[in-house]
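Along the sequence shown, the residues carry numbers beginning at 1. Hydrogens, waters and symmetry mates are skipped; everything else that's a heavy atom, side chains included, is used. When a ligand or atom number is given, it counts from 1 through the structure's own listing order.
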Amino acid sequence: MKVLVTGGTGYIGSHTVLSLQEAGHDVVVMDNLVNSSEESLRRVAELSGKAAEFHKVDLVDEAAVDKVFAGNAIDAVIHFAGLKAVGESVQEPLKYYYNNLVGTLNLIRVMDRHDVRSIVFSSSATVYGEHNPIPYVEKMEIGANNPYGRTKEQIEDILSDLGTA
Ligand SMILES: NC(=O)c1ccc[n+]([C@@H]2O[C@H](COP(=O)([O-])OP(=O)(O)OC[C@H]3O[C@@H](n4cnc5c(N)ncnc54)[C@H](O)[C@@H]3O)[C@@H](O)[C@H]2O)c1
């Protein structure tokens, strides 16, 4: 399988790239490097013996995202790219709504155009807010209490509607 990992130079993304390569998949990475560097992929390549194809792309640039899909037969997407600091999201909500929501909308619009139907989205436990007891389970009612968590909740809703459609 050829798997696109957005946010693939980041913390969880780079570990996922390694696991995918170890499982025999080809990996394409898209990241704008706002919170990471290409060094992580160099180290992953050292461990796996295989280089992931890297594209420095900002997901808010839909044309740039489309170009990567046009040049690759992507089978599935694992979507990690996003801003993730709760405190910063309270100070700068617009930055979070724009980056996380517009980035995701562009990604799924491009996936639709290229007939790619499989996506795993990295949401967050923050969607469960503070009204649920730990440990959280997926059946619990969601209700984030900060802008970062709300971007995740809203993306979950969008993906759920798409799944239904
Ligand atoms: N680390 C955690 O404990 C945790 C827990 C729950 C959910 N998550 C979610 O998992 C994902 C990955 O988390 P992480 O800890 O690896 O974070 P991270 O910051 O290391 O990785 C996110 C990556 O996304 C990239 N990015 C951000 N906006 C982008 C954009 N518009 N276009 C392209 N790339 C962009 C960043 O450069 C970074 O490399 C995030 O979406 C985060 O919200 C993380």
Close N or O approach ([X], ligand 1; < 3.5 Å):
X: Ser124; result: no
X: Phe80; result: yes
X: Val34; result: yes
X: Leu59; result: yes

*Can you check whether Pro133 reaches Met140 side chain to side chain, under 4.5 Å on heavy atoms?*
yes
_Under a 3.5 Å threshold, yes or no: a donor from one side chain and an acceptor from the other, between Ser122 and His79?_
no
Would you list the atom pairs, donor with acceptor, under 3.5 Å between side chains in residues 57-67 and any protein atom, with sequence neighbours excluded?
from: Asp58; atom 1: OD1; to: Val60; atom 2: N; distance (Å): 3.0
from: Asp58; atom 1: OD2; to: Asn32; atom 2: ND2; distance (Å): 3.3
from: Asp61; atom 1: OD1; to: Ala63; atom 2: N; distance (Å): 3.3
from: Asp61; atom 1: OD1; to: Ala64; atom 2: N; distance (Å): 3.2
from: Glu62; atom 1: OE1; to: Arg109; atom 2: NE; distance (Å): 3.3
from: Glu62; atom 1: OE2; to: Arg109; atom 2: NE; distance (Å): 3.4
from: Glu62; atom 1: OE2; to: Arg113; atom 2: NH2; distance (Å): 2.4
from: Asp66; atom 1: OD1; to: His114; atom 2: NE2; distance (Å): 3.4
from: Asp66; atom 1: OD2; to: Arg113; atom 2: NH1; distance (Å): 2.6
from: Asp66; atom 1: OD2; to: His114; atom 2: NE2; distance (Å): 3.3

*Protein non-hydrogen atom below 4.0 angstrom of atom 44 (C) of ligand 1 present*: yes
*Protein heavy-atom contact under 4.0 Å for atom 3 (O) of ligand 1?*
no
*Where at least one partner belongs to residues 12-30, residue pairs that pass side-chain hydrogen bond (donor to acceptor under 3.5 Å, both in side chains), sequence neighbours excluded*: Gln21-Ser48
*asked:* Tell me the protein heavy atom at minimum distance from atom 6 (C) of ligand 1, and give that distance in Å.
replied: Ser123 O, 3.7 Å
*Protein heavy-atom partner closest to atom 5 (C) of ligand 1 - residue, atom, separation in Å*: Ile12 CD1, 4.7 Å
*Locate the shortest heavy-atom distance separating Thr151 from Leu101; write the atom from each residue and the value.*
O-CD2, 4.1 Å
*May I ask you to decide if Ala81's main-chain N or O and Thr6's side chain share a donor-acceptor pair within less than 3.5 Å?*
yes
